[in-house]
Protein chains: 2
Amino acid sequence: MRIRDSWEGDAFDPECPTRVILDRVGDKWTVLIIEILDDSPKRFGEIRRAIGGITPKVLTSTLRSLVADGLVTRQSFGEVPPRVEYSLTDLGRSLQAPVTALRRWAERNVAELIDNRDRQAEIDDAQAR
Amino acid sequence: MRIRDSWEGDAFDPECPTRVILDRVGDKWTVLIIEILDDSPKRFGEIRRAIGGITPKVLTSTLRSLVADGLVTRQSFGEVPPRVEYSLTDLGRSLQAPVTALRRWAERNVAELIDNRDRQAEIDDAQAR
DNA sequence: TCCCAATAGTATCTTTGAGGTACTACCTTT
DNA sequence: AAAGGTAGTACCTCAAAGATACTATTGGGA
């Protein structure tokens, strides 16, 4: 996606930075991977096991795009069995602060949200009957 | 999704709060809608025009789920032509702070990310040839 | 009277991307 | 010779998102 050199702050234009970043971090796995890579490099299998429920195909493609965007580096040691380590770049590390803010909000507020959701589901149920 | 009453902080378990919230705000439109509803209630069409490129079907379903989760309220005035206003709940408003943090990061760092991405695309191109 | 504008959606079809399961290549160890 | 461990691929399915067109309602203008 092409971006203008200067930006005057219309956050709702399809080309705006916020949109680009939301497309980037707004998928199901990016944030989890970034949090996992926090302190030290991790191997493919380590990441996979740390995240429950990601398939290798999806992990591979997510990691590739993270590398392409310069958030993560990939280092392959020429060993057998293969060893590949992924770690955060400085850019990737700088993303951790806002991500952490979001996690904190999550930890404080999921309960209420789930509560609302369940209650709404009951209402929908009742209407269906 | 069912959530345990107490949580000990494994952010990578599929049932953890962070996962739930990421599934919630991690889609393409939620954050944009929350930012649009910031200051005042907005009508369906206003939201639609403010966000470039969302189809009415997707907007409808996103708004419904936001209402179900208690982040947004929907008020329908019995008028013709119809008038429906959406506004943030307190819970929805509380989500704005972390979302703003993410936007700030975006505004500071998209340029670099896009730059990396374009450079990688060139490399891929070269290898394809 | 008849038709149009305005609004909040629905309906239907196509496309995209994520998920599931199984498989490969490679060398080491037993 | 067989099994094990690792980083992925291949192929198929299915659900969600996107595109485009359509609906219901009624006050106002020709």
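Here is the naming used below: chain letters follow the sequence lines, and residue numbers restart at 1 for every chain. Just so you know, these numbers come straight off a predicted model, no measurement behind them.
- Using a 4.0 Å cut-off on heavy atoms, none of the residues of residues 66-76 of chain B approach DNA chain D.
- Between the side chains of A:Q120 and A:D124, at least one donor N or O lies within less than 3.5 Å of an accepting N or O.
- When rounded to the nearest whole Å, the span between CG of A:L59 and P of D:dA10 equals 16 Å.
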What side-chain donor-acceptor pairs closer than 3.5 Å can you find for residues 71-81 of chain A, not counting sequence neighbours?
| unit_1 | atom_1 | unit_2 | atom_2 | d |
| --- | --- | --- | --- | --- |
| A:T73 | OG1 | A:S87 | OG | 3.3 |
| A:R74 | NE | A:Y86 | OH | 3.3 |
| A:E79 | OE1 | A:R83 | NE | 3.3 |
| A:E79 | OE2 | A:R83 | NH2 | 3.2 |

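- Scanning all heavy atoms of the two residues, the minimum distance from B:P17 to A:V110 falls at CB-CG2, 2.9 Å.
- Taking atom CZ of residue A:R43 and atom C1' of nucleotide D:dT6, one finds them 7 Å apart after rounding to whole Å.
- For B:R49, the salt bridge (Lys or Arg N to Asp or Glu O under 4.0 Å) test picks out no residue, with sequence neighbours left out.
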Worksheet entry | Footprint string (nucleotides 12-30 of chain D, 5' to 3'): B base within contact, S backbone only, - free, heavy atoms under 4.0 Å | -----BBB-----BS----
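- Rounded to 10 degrees, the angle separating the terminal helix axes of the helix from C:dT1-D:dA30 to C:dT30-D:dA1, each built from five base pairs, is 30°.
- Surrounding CZ of B:R93 are more than 12 heavy atoms belonging to other residues, nucleotides or ligands, all under 6.0 Å away.
- Of all nucleotides in DNA chain C having an atom under 4.0 Å from a heavy atom of chain B, the first and last in 5' to 3' order are C:dA6 to C:dT12.
- Nucleic acid contact for B:Y86: sugar-phosphate only, since backbone atoms but no base atoms lie under 4.0 Å from a heavy atom of the residue.
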